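As the structure is a prediction and not an experimental result, all values here were calculated from the model. Side chains included, hydrogens not; waters and symmetry mates left out as well; all remaining heavy atoms used. Just so we're on the same page: letters track the sequence lines, and every chain starts at 1.
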Protein chains: 2
Amino acid sequence: MELRLTPKQLAQATGVSESSIKRWCDLGEIATIRTPGGHRRIPLSGAIEFLRGSEHELIAPEALGLPAGTRRRSPPLDNAAELFRIALEANQEDRARQILFELYLKPTPLATIGDRIIGPAFQSIGHRWEAGTLEVFQERRALEITRNLLHEIRLAQRPPVRSDPGAIGGTLSGDNYALAAILVELVLRESGWRAEFLGSNLPVQTMAMALRAEQPKLCWLSVSHVESETQFLSDYGQLSSASGDQTALVVGGRGLHGRLRQAMRFSAYCETLEHLETFAKTLKAAHASTAASRD
Amino acid sequence: MELRLTPKQLAQATGVSESSIKRWCDLGEIATIRTPGGHRRIPLSGAIEFLRGSEHELIAPEALGLPAGTRRRSPPLDNAAELFRIALEANQEDRARQILFELYLKPTPLATIGDRIIGPAFQSIGHRWEAGTLEVFQERRALEITRNLLHEIRLAQRPPVRSDPGAIGGTLSGDNYALAAILVELVLRESGWRAEFLGSNLPVQTMAMALRAEQPKLCWLSVSHVESETQFLSDYGQLSSASGDQTALVVGGRGLHGRLRQAMRFSAYCETLEHLETFAKTLKAAHASTAASRD
DNA sequence: AGTAAAAACGTTCAAATCGTGCAATTTATG
DNA sequence: CATAAATTGCACGATTTGAACGTTTTTACT
């Protein structure tokens with residue numbers, strides 16, 4: 001992927017004239033930096049941000065390092081989930097990348113991509129695995145591919161700045177399912193958080209230590225699988241007491257049935273990534289206003 | 001003594017050409033001092049001033065945040081390992097990216113990067129974790145960062161073509177350490193293999209199934225940790241019998257002490273990635289010649 | 001200290017980009 | 001429909017950039 005684009009490159013990728021790109025750069029519609037000599041340079045994240053916020057077609061995706069065939073107009077969501085699953089099962093990394101980036105450029109919020117595409121795709125893969133029509137290694141390989149693609153989207157996002165509120169999260173010991181927690185990181189970043197995925201299978205002590213060390217405004221815990229409920233509740237208790245008043249504790253995941261949730265204290269339980277996004281935006285706005293009133 | 005940068009280093013940190021940096025130095029845009037021999041040296045303060053003034057955001061902002069006391073510049077490999085470790089521990093993703101890509105573009109073979117940079121860095125991180133000077137979450141976060149960076153390198157590699165010999169690999173159940181296996185994938189790809197990392201923590205049955213389904217010319221197994229030796233040997237036996245004559249079984253990793261190795265049958269045991277690379281190249285050449293003689 | 005490899009020097013030059021003005025096209029409005 | 005306003009695309013000389021190349025300095029190693 002190109003890290004920096006010249007106006008000409010972005011012009012070729014979008015099919016508009018170089019003059020227009022330059023004008024939009026000057027009007028602030030495209031995030032631009034200047035070389036000391038005065039030449040414009042457009043970070044890839046700025047170009048993608050521009051594409052997501054405009055109706056411009058993408059006629060030469062390869063100029064941005066995206067797979068050829070990536071369009072702005074793409075199949076509807078429900079269809080895309082199926083196509084994505086098929087691409088993953090057939091080990092077609094490029095096709096999967098194309099589908100995700102098409103949606104991302106549309107622009108579809110990442111929370112929606114997670115809830116309506118990636119989630120259903122893996123749910124379906126899980127069913128087919130239980131039914132014996134899919135091998136475990138195919139599911140694992142699909143996870144690897146998706147994880148890598150999510151990192152590519154992460155690279156295309158506006159990088160967080162110091163003034164963004166901090167957030168950390170991951171999964172606890174015994175839970176190896178990192179994908180959901182990584183999706184949370186991306187969704188939070190899209191909502192203006194300085195979010196950091198710490199890892200999966202984390203001992204609770206180290207997560208508590210991370211909370212104390214980094215004092216984030218938010219901490220998310222993705223729970224896909226609970227081996228021992230008592231063990232989990234004990235772990236969660238430690239986490240809960242380690243998070244002070246300043247840290248919102250957000251939980252979610254298949255592993256949390258109602259009975260379990262009732263024994264937990266949290267700031268929010270999110271059924272979907274879209275819920276999470278709403279909550280995160282509200283919380284961020286609240287922090288921003290208190291910070292403003294303090295000035 | 002203040003840290004000094006060469007024009008090349010600043011060029012790599014900012015993503016512009018070395019020529020431009022030199023020109024800007026001469027125009028006074030960047031505060032520069034000269035060595036007795038006439039080489040430009042840019043003090044940290046000058047570089048920061050330049051970056052602030054020109055709003056020329058860094059590809060690698062932390063490139064300039066080097067800890068004091070490292071007087072050497074972009075120096076030999078062992079030093080790079082140390083710098084890489086420091087960047088990882090301090091959660092400086094950009095700095096870590098710069099170090100790895102600088103080496104990769106040099107070009108340093110990926111096997112060497114793995115053996116001399118990434119390996120030692122995590123060995124050192126492990127020691128510091130055992131000694132209690134580093135938290136677990138810092139190690140995990142370092143793993144996440146490195147894993148993502150390796151994927152970025154993967155994107156920069158020549159994509160495999162159908163005619164390349166196939167290879168699959170991963171780690172078995174109980175072994176969550178994916179990094180080494182991912183490195184193997186990259187090294188094999190660099191050597192012209194169509195290598196695919198299937199995942200970590202793989203049940204042996206599914207790995208055997210993958211062997212039968214894909215009929216690769218090579219299968220690698222990374223073993224960082226063995227919980228039960230008998231269990232492992234049993235698993236390995238299954239794998240060994242699933243791999244026919246056409247598949248070379250390659251093993252490696254800290255977890256394989258001599259006693260264990262003696263009870264295993266394999267095509268190659270690789271102490272280092274460099275060994276692996278040599279073996280893979282030899283094997284590929286052998287396959288190419290038999291294929292040629294068949295035509 | 002001596003040597004060979006690596007890195008940086010200064011210079012040159014083609015290609016790319018700059019800013020600007022203007023014509024062509026689209027959109028809004030009476 | 002006619003007119004004004006706004007947007008888009010092109011042209012042009014001046015400036016900037018990045019790559020090449022032979023020479024000199026620095027570094028790594030014996």
The side chain of B:Arg23 lies closest to which of these nucleotides: C:dG19, D:dT26, D:dG18?
D:dG18
Answer yes or no for B:Arg261 and B:Phe266: cation-pi contact, defined as NZ/CZ to six-membered ring centre under 6.0 Å and angle to ring axis within 45°.
no
To the nearest Å, give me how far apart CD (A:Glu18) and P (C:dC18) are.
7 Å
Donor-acceptor pair, side chain of B:Gln157 and main chain of B:Leu186, under 3.5 angstrom:
yes
From D:dG9, C:dC18, D:dT17, nucleotide with atom closest to A:Pro7 side chain
C:dC18
Figure out the NZ/C1' separation between A:Lys8 and D:dA11, and round it to whole Å.
14 Å
For atom CD1 of A:Ile33 and atom P of C:dT17, their distance in whole Å
14 Å
Regarding the side chain of B:Arg34, the nearest nucleotide among C:dC18, D:dA19, C:dG10 is C:dG10
Check whether any side-chain N or O of A:Arg40 sits under 4.0 Å from OP1 or OP2 of D:dT17, and answer yes or no.
no
d(CG, B:Leu5; C1', C:dA7) in whole Å:
15 Å
Distance in angstrom units between B:Ile30 CD1 and C:dA8 P, rounded
15 Å
Starting at atom CG of B:Leu27, determine the distance to atom C1' of C:dG10, rounded to an integer number of angstrom.
14 Å
Could a donor-acceptor pair under 3.5 angstrom be found where the side chain of A:Ser19 meets the base of D:dC10?
yes
Toward the 5' end of DNA chain D, by each residue's nearest nucleotide, A:His56 or A:His39:
A:His56
A:Glu196 bridged to B:Arg141 by N-O distance under 4.0 Å
yes
Calculate the interatomic distance between B:Ile42 atom CD1 and C:dC9 atom C1'; express it in whole Å.
14 Å
Does A:Arg4 make a side-chain N or O approach to OP1 or OP2 of D:dT17 shorter than 4.0 Å?
no
Could you tell me the separation between the NZ atom of A:Lys22 and the P atom of C:dG19, rounded to a whole number of Å?
7 Å
Among D:dG18, D:dT8, D:dT26, the one nearest any side-chain atom of B:Thr35 is D:dT26
Spacing of CZ belonging to A:Arg40 relative to CD1 belonging to A:Ile42, to within rounding of 0.5 Å:
8.5 Å
Under 4.0 Å from OP1 or OP2 of C:dC9: is there any side-chain N or O of B:Arg41 that close?
no
Is a salt bridge present between A:Lys106 and A:Glu102, judged by a nitrogen-to-oxygen distance below 4.0 Å?
no
Is the distance from OP1 or OP2 of C:dA8 to the nearest side-chain N or O of B:Thr6 less than 4.0 Å?
yes
Return no unless some side-chain N or O of A:Trp24 is found under 4.0 Å from OP1 or OP2 of D:dT7.
no
